[in-house]
Amino acid sequence: MFKFSGKRPANLGAKNGKLAPVVNKPNNVSSQADVNDRAHYVAPLKFTGDAAAAFQKLLKLVRRSRAPAWSRRTANTCTPSSAHL
C-alpha cells in the first residue's frame, strides 16, 4: 500500500504485553505511560461486555470523528487482530 524509504522501527507493536515507551513529542500519548506524565498519559479506554462489539463501537467513533483522513481510512480496514487487541 505505502512505500517508505526508511527502516521499520524495531519497537513497533506490543512486546511482553507493553507498547514502546512514548517519545517526547506532543502528539504522542499512551495509557501505559507514567500516570504522572501529564503530557503523555491518557486514561485507558474502558468497555463492558463483548470485546468484538466494543471494538466495532470504537471503529464507528473513529470513522465519525474529525480525525485526519488517514486515520479514518485506517479504521475502515482495521480488525481486532490487526490492531493487536
Side-chain angles (χ1 to χ4, degrees):
M1 178 189 276
F2 297 105
K3 291 188 178 191
F4 297 103
S5 59
K7 287 177 60 175
R8 179 183 174 152
N11 64 347
L12 287 182
K15 304 271 194 267
N16 299 320
K18 294 276 190 176
L19 297 172
V22 294
V23 294
N24 195 20
K25 293 189 176 188
N27 64 342
N28 190 260
V29 297
S30 174
S31 61
Q32 295 179 343
D34 185 319
V35 295
N36 296 312
D37 183 351
R38 296 182 70 188
H40 299 107
Y41 176 78
V42 293
L45 298 173
K46 295 181 182 181
F47 71 91
T48 57
D50 180 61
F55 187 76
Q56 291 306 313
K57 285 182 184 179
L58 176 62
L59 289 180
K60 190 182 292 185
L61 287 170
V62 170
R63 289 178 186 132
R64 287 189 296 181
S65 74
R66 294 178 184 242
W70 66 264
S71 67
R72 289 192 308 273
R73 283 192 305 273
T74 300
N76 287 333
T77 61
C78 194
T79 64
S81 60
S82 69
H84 305 288
L85 296 179

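Residues: numbered from 1 along the sequence shown.
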Non-neighbouring partners of Leu12 that pass side chain to side chain contact (heavy atoms under 4.5 Å, CB included), sequence neighbours left out: Arg8, Pro9
Residues in side-chain hydrogen bond (donor to acceptor under 3.5 Å, both in side chains) with Asn27, at least two apart? none
Going by atom type alone, with no hydrogens or angles, which donor-acceptor pairs under 3.5 Å involve a side-chain atom of residues 47-55 and a protein atom two or more places apart or on another chain?
residue	atom	partner	partner atom	Å
Asp50	OD2	Ala52	N	3.4
Asp50	OD2	Ala53	N	2.9

Run through the side-chain heavy atoms of Ile, Leu, Val, Met, Phe, Trp and Tyr, join any pair under 4.5 Å, and report what else lands in Val35's cluster. Tyr41
Where do Ser31 and Ala43 come nearest, in terms of heavy atoms and distance? CB-C, 4.1 Å
Here the side chain to side chain donor-acceptor pair (under 3.5 Å) pairs for residues 14-23, sequence neighbours left out, are none
Side chain to side chain contact (heavy atoms under 4.5 Å, CB included) filter on Val22, not counting sequence neighbours, yields Asn28, Ser30, Ala33, Asp37, His40
Linking Ile, Leu, Val, Met, Phe, Trp and Tyr by side-chain heavy atoms under 4.5 Å, what else ends up with Val42? Val29
